[in-house]
2 protein chains.
Amino acid sequence: MKKITIGEASRQSGVKVPTIRYYEGIGLLSAPSRSEGNQRSYEPTDISRLVFIRHARELGFEVDAIRTLLILQDDPNQSCASADAIAKARLIDVEQRIRSLMALKVELEAMVAGCGHGRVDQCRVIEVLADHGQCAHNHH
Amino acid sequence: MKKITIGEASRQSGVKVPTIRYYEGIGLLSAPSRSEGNQRSYEPTDISRLVFIRHARELGFEVDAIRTLLILQDDPNQSCASADAIAKARLIDVEQRIRSLMALKVELEAMVAGCGHGRVDQCRVIEVLADHGQCAHNHH
DNA sequence: CCTTGCACCTCTAGTCGCTAGAGGATGTAG
DNA sequence: CTACATCCTCTAGCGACTAGAGGTGCAAGG
């Protein structure tokens, strides 16, 4: 059981060093034991936890949601209904975001396509921003 | 030329009152004249500017980008190449975001579909988070 | 043994784009 | 004249980090 430094934990988990300390500060990760010289010393389980957190963050889960998911993970007898609900909520959020971004894409494409590369007073980019009524996809 | 209060400006532009003050503070909007009792008094051009800013924010442009766009708008003789570049950069960003969100959607759908609504130790939501190698769409 | 130099420590402040609240002044309608 | 809405300034908070200052620990080379 060799000690894992925070730098090593960072390399193994893909979570940056200051972020690991930040997660400890907000209580997402429990405080590890310390070396004689007061340096953090992690266990393999801490690495798994960090990987778990990183994946969840990559999937856009908020820290509060991750906190709940971690509690669930620690108690395997519990019903996974909460985990399911969190994931479903996240899915709905992602779908909503995709829809708005698609709408934005349409507007931006129209703006860029309409730009004749001339002077600003003929520029559709500026024009559309000044008067939303001229938008391709008027969503107000 | 009746005076426009900040509340009226807010109603007409769709930008919240504290946000208008905030925009003034960061120099997006020039400080308006004041009434005898030190209350802000806006001109119709200020409303147009606020509308411009709101549309740009709705399209996800950052404040710095909007600052540039506003400078361009104020000088109609300039080439619109910068405006075009800003809009194009934004379009590329939006397209990138859509791509990542679609990938997330696939993963989340797999997680949710795999959840048998049993106990946590059989829950795919938790499982996938703990071991990214099991992801439907492994993007590491 | 000693120095070099990197990795570690704590703490504070900054990022972005607002939003909320305190505590007080002004303006308007009845 | 009194309510009451709206306005003012100022500071602090949000989420999820990131950056930097100023100091300590530790392993390897000379």
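Labels below follow one simple rule: chain letters A, B, ... track the order of the sequence lines, proteins then strands, and each chain is numbered from 1. When reading the values below, keep in mind they use all heavy atoms of this one structure, side chains included, and skip hydrogens, waters and symmetry mates.
Between B:Ser35 and the phosphate of D:dC7, there is no side-chain N or O to OP1/OP2 separation shorter than 4.0 Å. Regarding contacts with the backbone of C:dT10, a side-chain N or O of A:Arg34 is found under 4.0 angstrom from either OP1 or OP2. OP1 and OP2 of C:dT10 both lie 4.0 Å or more from every side-chain N or O belonging to A:Arg21. For D:dT18, the OP1/OP2 oxygens have a side-chain nitrogen or oxygen of A:Thr19 closer than 4.0 Å. Close to D:dC17, at under 4.0 Å from its OP1 or OP2, lies a side-chain N or O of A:Arg57. In this model, the phosphate group of C:dT10 is approached by a side-chain N or O of A:Arg40 to a distance below 4.0 Å at OP1 or OP2. Within the 4.0 Å cut-off from OP1 or OP2 of C:dC18, at least one side-chain nitrogen or oxygen of B:Tyr23 is found. In this structure, B:Lys16 does not reach the C:dC18 phosphate: none of its side-chain N or O atoms is under 4.0 Å from OP1 or OP2.
For the pair A:Leu28 CG and D:dG15 P, the computed distance is 13 Å after rounding to whole Å. Atom-to-atom, CD1 of A:Ile20 to P of C:dA7 comes out at 14 Å; the value is rounded to the nearest Å. Here the P atom of nucleotide D:dC26 and the CD1 atom of A:Ile4 are 17 Å apart, to the nearest Å. Here the C1' atom of nucleotide D:dC7 and the CD atom of B:Glu24 are 13 Å apart, to the nearest Å. Rounded to an integer number of Å, the gap from CD of B:Glu8 to P of C:dG27 is 17 Å. Distance, B:Glu58 CD to C:dG17 C1': 15 Å, rounded to whole Å. B:Glu36 places its CD atom 16 Å from the C1' atom of D:dC8, with the value rounded to the nearest Å. In this entry the distance linking CZ of A:Arg54 with P of D:dC17 reads 12 Å, nearest Å.
Under a 4.0 Å N-O distance rule, the pair B:Arg99/B:Glu95 does not qualify as a salt bridge. Using a 4.0 Å cut-off between charged side-chain N and carboxylate O, A:Arg124 and A:Glu127 make no salt bridge.
Distances from the side chain of B:Pro18 to the nucleotides C:dC8, C:dC18, C:dT19 place C:dT19 closest. Comparing D:dC17, C:dC9, D:dC7 by their closest approach to the side chain of A:Gln39 singles out C:dC9. Considering only side-chain atoms of A:Ile6, the nucleotide from D:dT9, C:dC8, C:dC18 that sits closest is C:dC8.
Of the possible donor and acceptor atoms, one in the side chain of A:Ser10 sits under 3.5 Å from a partner among the backbone N and O of A:Val15.
The hydrophobic cluster containing B:Ile71 does not contain A:Val128, counting ILVMFWY residues as joined when their side-chain heavy atoms lie under 4.5 angstrom apart, directly or transitively.
Residue A:Gly7 is the one, among A:Gly7 and B:Asn38, whose nearest nucleotide of DNA chain C lies closer to the 5' end (criterion: closest heavy atom). Comparing B:Ser41 and A:Tyr22 against DNA chain D, the residue whose closest nucleotide sits nearer the 5' end is B:Ser41.
Note that CG of B:Leu104 and CD of A:Glu58 are 9.0 Å apart. Values are rounded to the nearest 0.5 Å.
When each of A:Glu24, A:Glu43, A:Lys3 is checked for a side-chain contact (heavy atoms from CB on, under 4.5 Å) with A:Pro32, only A:Glu24 meets the rule.
When heavy atoms are screened at a 4.0 angstrom cut-off, A:Glu62 is found touching the sugar-phosphate backbone but no base atom.
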